[in-house]
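Just below is one structure, and these are the notes that go with it.
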Amino acid sequence: MVRLGGSIMNTSYIDRVHKWGKAWNLSMTGLMLMYPVIVGILFNALPDSRGLLLGLLATAPMYWAVGIIETFTYIPMLGAGGSYLSFVTGNISNLKLPCALNALEQAGVSANSEEGEVVSTIAIAVSSIVTTLIIILGVILITPLTPILQSPVLQPAFAQMIPALFGGLGVVFISKNWKISVAPVVLMLVLFVFVPALNAGTVGIMVPVSVLFTLGISRLMYKKGMLD
Amino acid sequence: MEFNINSPVLFILSGIVIAAVLAQSIFFLVKAWKRGREIGMGADKLKKVAVTASIFTIAPAVAIVIGVITLSKDLGVPLPWLRLSVIGSLSYETIAATNTENAMGLTFGLVSNLTAKQYVTIATVMTLSILVGVWLSPLVAKKVLGGMINLEKRDRKWADIFINSMFIGMISAFLGYIFSDVSSVARGSTAGLIPVCVMVVSAVVMCLAGLAVKKFKYHWISDYALPVSLVLGMLSAIPITAWLG
């Protein structure tokens with residue numbers, strides 16, 4: 001994230017972002033871990049050892065593996081400030097990253113520039129604040145909102161958020177990068193249609209697979225002069 | 001103190017963590033805004049980024065509120081409020097809660113009164129299993145982004161293609177996922193076509209917005225094209241589901 005107006009700039013701002021990010025995220029790790037600890041102390045309750053062990057064994061290995069791969073996959077796309085925020089506030093692929101991509105597109109700046117770093121951080125920070133405030137509002141108004149938001153009429157709309165999001169986003173990015181898009185789109189379509197194991201639960205695992213495949217294809221096309 | 005899944009103390013504890021999340025977001029927003037101004041970005045441009053991001057976030061955030069409501073039946077309000085305000089998702093929290101409740105002989109969705117012990121167990125599993133990105137990103141982000149800086153210095157054109165390829169890779173995976181139930185048509189069910197039709201509606205709306213910008217020079221449309229395509233796509237799911245579901 002160093003280009004601005006075509007020139008390489010000094011990285012002192014980015015260095016400071018990393019310093020702030022480290023302090024915030026390590027503090028947030030501690031704070032999040034404190035929730036079950038403090039609840040346990042206040043209510044004089046230790047975790048159920050069998051439930052904890054079996055629950056962790058059934059849940060953690062997959063999510064740790066996915067978490068490690070996602071960290072390395074999403075950081076280059078989110079930028080420094082965006083990464084530190086997104087990995088605390090979550091909803092990366094279905095909200096924060098599309099929000100940052102849209103902001104970069106509207107601002108007409110490259111993700112590989114300092115302007116891009118600023119734009120994606122502002123977009124992700126604002127998105128996080130708005131999300132948090134809407135959830136607070138939802139919690140305060142949970143009783144009157146429940147019958148409305150869970151009504152059978154509205155349920156299909158919220159169930160189809162991902163197709164509604166990636167339809168629009170796909171048009172913008174594929175039309176601008178169609179040469180490098182054909183192979184990964186075709187591959188993912190074929191895999192998701194013909195491999196029954198691939199579904200909502202495994203799409204997170206397929207993101208790094210698709211990213212690596214696209215990088216490989218793009219490198220090949222670039223070397224052969226097909227992207228000039 | 002007597003335990004209750006909706007105890008005021010739990011609301012206070014969740015509120016403290018969420019306040020810290022809010023503080024972090026405001027901190028990075030202020031720093032990025034100041035930096036943007038320092039490098040010559042206009043306040044109007046930055047304001048536009050913020051407004052677009054806010055509008056874009058509303059529909060997905062309401063979907064997260066639905067997640068809080070869904071999980072609150074088993075876990076009370078404070079824990080889902082916390083979990084879905086920090087890194088987490090309805091699907092992840094449901095899986096973590098289901099696995100832990102099963103291990104304790106409970107059935108997710110049918111629990112009426114969790115004990116403090118069961119609650120602490122579920123909260124611990126939920127927290128420990130998803131924290132990787134929170135602590136790993138500060139350890140590796142500088143190195144990963146340093147690699148991007150070196151790439152940029154060595155070959156700027158390839159660096160641009162590299163980052164676009166990452167975006168396209170991510171989008172391709174989700175486009176593939178939208179088609180994952182299409183094969184159900186062969187078994188006589190058309191429900192698998194619902195996400196495909198919704199995607200098409202959203203894509204058409206985006207194309208029309210692009211045409212309006214190009215043909216009629218309505219540049220303001222492009223600021224709201226993605227949120228509008230998202231909301232219209234979601235709304236189209238209602239009649240499409242009634243038709244194909």
Side-chain angles (χ1 to χ4, degrees), chain A residues 2 18 22 24-25 29 36 40 43 45 47-48 51 54-55 58-60 63 67 71 75 77 81 83 87 90 95 102-103 111 118 121-123 125-131 134 138-139 149 156-158 160 163-164 166-168 171 177 181 184-185 188 192 203 206-207 210-211 214-215 218, chain B residues 3 24-25 28-29 32 36 49-50 53-54 57 60-61 63 65-66 81 87 96 99-100 103-104 116-117 120-121 123-125 129 132-138 141-142 144 149 163-166 168-169 172-174 176-178 180 195 198-199 202-203 206 226 229-230 233-234 237-238 241:
Chain A
V2 287
H18 286 303
K22 266 184 195 160
W24 272 105
N25 282 37
T29 306
F43 292 98
D48 177 277
L54 293 179
T59 316
Y63 282 94
T71 306
I75 284 174
M77 295 191 252
S83 292
F87 284 107
L95 177 53
N102 186 47
V118 165
T121 305
I122 291 175
V126 168
S127 176
S128 303
I129 293 165
V130 171
T131 306
I134 288 178
V139 165
L149 293 179
F158 291 104
Q160 300 300 333
F166 281 90
V171 164
N177 302 281
S181 303
V185 168
M188 287 298 124
F192 273 94
V203 66
M206 292 310 286
V207 170
S210 179
V211 165
T214 314
L215 285 172
S218 299
Chain B
F3 179 76
Q24 182 180 6
S25 303
F28 275 94
L29 173 63
V49 170
S54 307
T57 302
V65 173
I66 294 174
W81 175 36
I87 189 122
N99 289 340
T100 317
M104 294 187 292
K117 196 177 185 69
V120 170
T121 310
T124 308
V125 172
S129 301
V132 172
V134 188
W135 60 261
L136 187 59
S137 54
K142 196 172 180 180
V144 173
I149 290 171
I163 197 80
N164 283 331
S165 300
M166 295 196 88
I168 291 295
S172 303
F174 279 94
Y177 155 66
I178 291 164
S180 59
V198 171
M199 181 201 72
S202 170
M206 185 56 92
L226 192 63
S229 73
L230 169 67
M234 286 170 72
I238 298 170
T241 305

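Note that this is a predicted model, so its numbers are computed, not measured.
Between the side chains of B/S165 and A/T214, no donor-acceptor pair is found at a separation under 3.5 Å.
In this structure, B/I178 CD1 and A/M188 CE are separated by 13.5 Å, a value rounded to the nearest 0.5 Å. Taking CG of A/L95 as the reference point, atom CG of B/L230 lies at 9.5 Å (rounded to 0.5 Å).
Between chain A and the residues B/A61, B/P138, B/S229, the most heavy-atom pairs under 4.5 angstrom are made by B/P138. Your options are B/A123, B/A237, B/A203, and the one with the most heavy-atom pairs under 4.5 Å with chain A is B/A203. Comparing B/S54, B/A141, B/G36 by how many heavy-atom pairs each has under 4.5 Å with chain A, the most go to B/A141. Of all the listed residues (B/G233, B/A103, B/A96), the one sharing the greatest number of non-hydrogen pairs under 4.5 Å with chain A is B/A103.
Across all non-hydrogen atoms, the minimal contact from A/S210 to B/S172 is OG-CB, 3.6 Å. Smallest separation of non-hydrogen atoms from A/I129 and B/S25: CG1-CB, 3.6 Å. Listed here is the closest heavy atom pair of A/F43 and B/A116: CB-CB, 3.8 Å. Across all non-hydrogen atoms, the minimal contact from A/L215 to B/M166 is CD2-CG, 4.2 Å. Contact record, A/G67 with B/V132: C-CG1, 3.8 Å, taken as the closest heavy-atom pair.
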Open item on the list: Determine whether B/M104 and A/L54 satisfy the following criterion, side-chain contact (heavy atoms from CB on, under 4.5 Å), listing intermediate values before the conclusion.
Closed with: CA-CA 9 Å; B/M104 294 187 292; A/L54 293 179; over 6 Å; no
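For chain B, the nearby parts of A/V118 are the backbone and the side chain; heavy atoms of each come within less than 4.5 Å. Proximity to chain A involves both the backbone and the side chain of B/S137, based on heavy atoms less than 4.5 angstrom apart.
Put simply, the side chain of B/S202 gets close to the backbone of A/G168: a donor and an acceptor are under 3.5 Å apart.
Aromatic ring pairs are classed by plane angle as parallel below 30°, tilted from 30° to 60° and perpendicular above 60°; the pair B/F174 and A/F166 is parallel.
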